[in-house]
Amino acid sequence: MVPPPPGEESQIILLPPGWQSYLSPQGRRYYVNTTTNETTWERPSSSSGIPASPGPHRSSLPPTVNGYHAAGTPAHPPETAHMSVRKSTGDSQNLGSSSPGKKQNKENTITINCVTFPHPDTMPEQQLLKPTEWSYCDYFWADKKDPQGNGTMAGFELLLQKQLKGKQMQKEMSEFIRERIKIEEEYAKNLAKLSQNSLAAQEEGSLGEAWAQVKKSLADEAEVHLKFSAKLHSEVEKPLMNFRENFKKDMKKCEHHITDLRKQLASRHAAVEKARKALTERQRDLEIKTQQLEIKLSNKTEEDIKKARRKSTQAGDDLMRCVDLYNQAQSKWFEEMVTTTLELERLEAERVEMIRQHLCQYTQLRHETDMFNQSTVEPVDQLLRKVDPAKDRELWVREHKTGNIRPVDMEI
């Protein structure tokens, strides 16, 4: 709704209290009672505060703000709901009139896949629901052109694809951890096998003790890695795999719900266009019969005009009903879109936080494993510091000596 142009202010007779004058997108003047939300084409009487002629249309729509109803649906001027069928020299433009009004209406709004949006060139940028958060609920109302072809993808479909992709990434992370577990298990198996190897088993002395501890440390380390792999399975891999097992099914259900609402919206939009076309035809028929009456081509013209006027009024009522149904369908779609996109946003944040926590658990287990591995080699370090070649030689000589008598020279 737009206020009267400055040039017309002086031509408007003062209205009763509570009434305001506006111009429709087609350029036709109508009046709104700001108290009762009543709209009418006829100028209200200055004495009684009601329209000067009978038959005003009391709008059931809520008050409008910046061209939108409080519920979030586009406001429609009363020409979609009520019209005067009398010929007027001062008002040559109505719903059935020619293209300039329709052209102006198309300039004020744009329709994308049966959803009506204000035209960015004629409407100020709409306030964001969550202006500082780059929220899903603010940026996925329109459709996006598919870079792979000439088709388009609904903004909601784009959000669903991101959710399903996130679920796939989560599954692949789980598979990655599964491969890591296999490596750990194989590594532990090889360490345990190597610890039983008999190579250098005959080393003696303090060095032999240190060597035996090296082999034992391998068995201890194998046990540490087995425990690490078991914890990876129970504390990282399994939670990643089981998180939202029915996620894909839930997303499909959500997609079907929004798709059904879009189909209903498309059906309502088609009904509006059909009713608008029918009204245009009725208006054109009324104009033709009015012109015939003026030149008195037929005695039955006046009766035909009454019949055409009834049909035109009925077409206007049908259009009003279709517009109301369309607004209801669009309002329902709008509410569900906001609710669902915020839920998808919450689910994505929850998924990211869950993965972050389990990856933190992975790093914590790694640190613990490294610490336990270090503890397995500490006894080896202690024994290596005690290796004493001289003492080993003494012990060996004591055990294996054959005698301490030196040979002497032979006499003649």
Side-chain angles (χ1 to χ4, degrees), residues 1 19-33 36-45 48-62 64 69 73-105 116 267-329:
M1 302 195 320
W19 286 90
Q20 294 290 335
S21 173
Y22 295 91
L23 288 180
S24 73
Q26 284 75 22
R28 187 178 179 187
R29 185 172 304 286
Y30 64 100
Y31 303 90
V32 178
N33 188 314
T36 64
N37 293 327
E38 179 181 344
T39 60
T40 179
W41 291 118
E42 305 297 335
R43 183 178 60 80
S45 171
S48 62
I50 60 174
S53 63
H57 169 66
R58 292 184 178 272
S59 174
S60 61
L61 299 178
T64 59
H69 293 299
T73 57
H76 292 269
E79 67 265 19
T80 61
H82 178 77
M83 52 162 288
S84 173
V85 296
R86 292 177 296 180
K87 181 74 174 178
S88 172
T89 56
D91 184 14
S92 61
Q93 193 175 44
N94 50 42
L95 270 180
S97 61
S98 58
S99 57
K102 290 186 179 181
K103 181 178 180 182
Q104 184 177 357
N105 184 51
T116 305
S267 175
R268 300 302 188 193
H269 183 270
V272 168
E273 294 304 313
K274 182 178 180 180
R276 197 186 305 278
K277 183 178 179 180
L279 180 59
T280 301
E281 293 175 354
R282 297 302 183 189
Q283 283 286 301
R284 186 178 297 110
D285 182 56
L286 180 58
E287 287 184 13
I288 293 174
K289 286 182 170 53
T290 303
Q291 293 172 1
Q292 291 176 352
L293 177 62
E294 291 175 352
I295 61 177
K296 298 181 180 179
L297 291 178
S298 173
N299 295 332
K300 295 183 178 180
T301 302
E302 186 172 353
E303 182 179 347
D304 292 341
I305 287 178
K306 292 180 180 179
K307 184 177 180 181
R309 184 177 294 130
R310 287 194 301 269
K311 290 183 178 181
S312 181
T313 303
Q314 180 62 43
D317 292 340
D318 290 343
L319 179 57
M320 175 189 70
R321 179 180 57 82
C322 291
V323 168
D324 285 343
L325 290 175
Y326 170 82
N327 284 342
Q328 292 173 18

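Scope of the values below: all heavy atoms of this structure, side chains included, with no hydrogens, waters or symmetry mates.
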> Give a yes or no answer on whether the side chain of Thr280 reaches the backbone of Arg276 with a donor-acceptor pair at less than 3.5 Å.
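Checked: pair present.
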
> What's the shortest heavy-atom distance between Gly316 and Leu279, and which atoms?
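The answer is N-CD1, 3.6 Å.
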
> What are the two closest heavy atoms between Ser312 and Arg282, and how far apart are they?
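So the minimum-distance heavy-atom pair works out to CA-CB, 3.8 Å.
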
> Do you know which two heavy atoms are closest between Ala271 and Cys322, and how far apart they sit?
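Smallest heavy-atom distance, with atoms named: O-SG, 3.8 Å.
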
> State, yes or no, whether a side-chain contact exists between Asp285 and Glu281 at a heavy-atom distance under 4.5 Å.
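Heavy-atom side-chain distance check fails, nothing below 4.5 Å.
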
> Please report the closest heavy-atom contact between Leu319 and Val272, naming both atoms and the distance.
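Taking Leu319 first and Val272 second, the nearest heavy atoms are CD1-O, 3.7 Å.
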
> Taking all non-hydrogen atoms of both residues into account, name the closest pair between Leu286 and Ala308 and its distance.
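Heavy atoms of Leu286 and Ala308 come nearest at CD1-CB, 4.0 Å.
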
> Is a donor from one side chain sitting under 3.5 angstrom from an acceptor on the other, for Asp324 and Gln328?
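No - no donor-acceptor pair under 3.5 Å links their side chains.
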
> Lys274: what forms a side-chain contact (heavy atoms from CB on, under 4.5 Å) with it, not counting sequence neighbours?
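Lys274 satisfies side-chain contact (heavy atoms from CB on, under 4.5 Å) with no residue once adjacent residues are dropped.
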
